[in-house]
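Here is how names work: the chains are called A, B, and so on, in the same order as the sequence lines, proteins then strands, and each is numbered from 1.
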Number of protein chains: 2
Amino acid sequence: MADDERADLAAMLAPLVRALVAAERPILDEHGLTMWGYSVLLALAEQPTRTQAALAESIGADKTRIIGVLDDLQERGLLQRTPDPSDRRARVLSLTEDGRRVCGAAQADIRTMEEALLSRLPAADRRGFLSALRVLSTVPRGEIVSPRVH
Amino acid sequence: MADDERADLAAMLAPLVRALVAAERPILDEHGLTMWGYSVLLALAEQPTRTQAALAESIGADKTRIIGVLDDLQERGLLQRTPDPSDRRARVLSLTEDGRRVCGAAQADIRTMEEALLSRLPAADRRGFLSALRVLSTVPRGEIVSPRVH
DNA sequence: TATTGTTATACTCTATAACTATA
DNA sequence: TATAGTTATAGAGTATAACAATA
């Protein structure tokens, strides 16, 4: 298939993301996590401490959006939320041992599902796909937005 | 980077889709189209006639969701919606010349934006990415959903 | 006065249920 | 009775604005 006959990227990617999210949901259910809860755990596993607003922004959510999520995760002992002694307005967020364990277990199951999907690809395509994804997913969003023509 | 250190697919793909959609919005605006309107035109450009319910399903929308969209596109002369003579309950949908032109013009501008993005990739990655995307975006959704472990 | 986290409110988007007309 | 399309309603999800505590 010639390159210029391909469908729009968003038209191919959006249904794929929908399918992946749908496939993750039952897996996360088994681990007692919502999509936002899992997002929060993943972000904290990577960068232990932050302000709530920064955490929200890093996962593409509104700061008011994740408050209930944090309440729930804290209640279940998966993360700690303690006032920063040097600025008592801010809440320092960190995973508990349980939080790290639950996050890792969920991610392992998700990885299994993903590998089954990726096994459909020829090795070269798989390599190119993952490599491209690493590049594209880290392009600053502002640089993707098209320059206005006016 | 080792393969098993990669982030979850959805965690990489979702922000990319968000960025692509955000980049498409101003382009579609210039052509007087919404995302759903563009989706409808694209689907009809590929498969000229269908029932509204089938069209809705093919673009991942509820059948009630697209009625207003069809009203608008028809009013502006971009598509025709005529009762099927053989079953007057159904509405046969087809693009007008204007509809085909507008859809093509919008897609050309979107393609330009996408090419600028893809130019960041090494040739091999780009090839693998697009090839993989063609495969993955056509995997039946049911086959992605993970088998239950119970 | 500005900022962090929070709560309450309003808004957008989508799905559900009820209706009309055809079959 | 069943189905296509439509309309009206309700629900989920999200953002906006106002508030309390701290700086």
(request) Please figure out whether A:Trp36 or B:Val92 has its closest DNA chain D nucleotide nearer the 5' end. (result) B:Val92

(request) Please figure out whether B:Thr51 or A:Pro85 has its closest DNA chain D nucleotide nearer the 5' end. (result) B:Thr51

(request) Answer yes if the side chains of B:Arg91 and B:Gln52 hold a donor-acceptor pair under 3.5 Å, and no otherwise. (result) no

(message) Under 4.0 Å from OP1 or OP2 of D:dT16: is there any side-chain N or O of A:Arg65 that close?
(response) no

(request) Mind running side chain to side chain contact (heavy atoms under 4.5 Å, CB included) on A:Leu9 and B:Leu130 for me, showing each step along the way? (result) CA-CA 9 Å; A:Leu9 293 182; B:Leu130 290 176; 3.8 Å; yes

Rounded off to whole Å, could you give me the [atom1]-to-[atom2] distance for the [X] and [N] pair?
| X | N | atom1 | atom2 | value |
| --- | --- | --- | --- | --- |
| A:Gln52 | D:dA21 | CD | P | 17 Å |
| A:Asp84 | D:dA21 | CG | C1' | 15 Å |
| B:Ile66 | C:dC13 | CD1 | C1' | 16 Å |
| A:Ile67 | D:dT16 | CD1 | P | 15 Å |
| A:Met35 | D:dT14 | CE | C1' | 17 Å |
| B:Asp62 | C:dT16 | CG | C1' | 9 Å |
| B:Glu57 | D:dA4 | CD | C1' | 15 Å |

With the threshold set at 4.0 Å, does a side-chain nitrogen-carboxylate oxygen contact exist between [X] and [Y]?
| X | Y | answer |
| --- | --- | --- |
| A:Arg120 | A:Glu114 | no |
| A:Arg89 | A:Asp84 | no |
| A:Glu57 | A:Lys63 | no |

Atom pairs under 3.5 Å: protein N/O with N/O of nucleotides 17-22 of chain C:
none

(request) Consider the side chain of B:Ala90, meaning its heavy atoms from C-beta on, and name the nucleotide among C:dG5, D:dT6, D:dA4 that approaches it most closely. (result) D:dA4

Show me the donor-acceptor pairs within less than 3.5 Å that the side chains of residues 100-107 of chain A make with the rest of the protein, sequence neighbours left out.
from: A:Arg101; atom 1: NH2; to: A:Asp98; atom 2: OD1; distance (Å): 3.3
from: A:Gln107; atom 1: NE2; to: B:Asp8; atom 2: OD1; distance (Å): 2.9

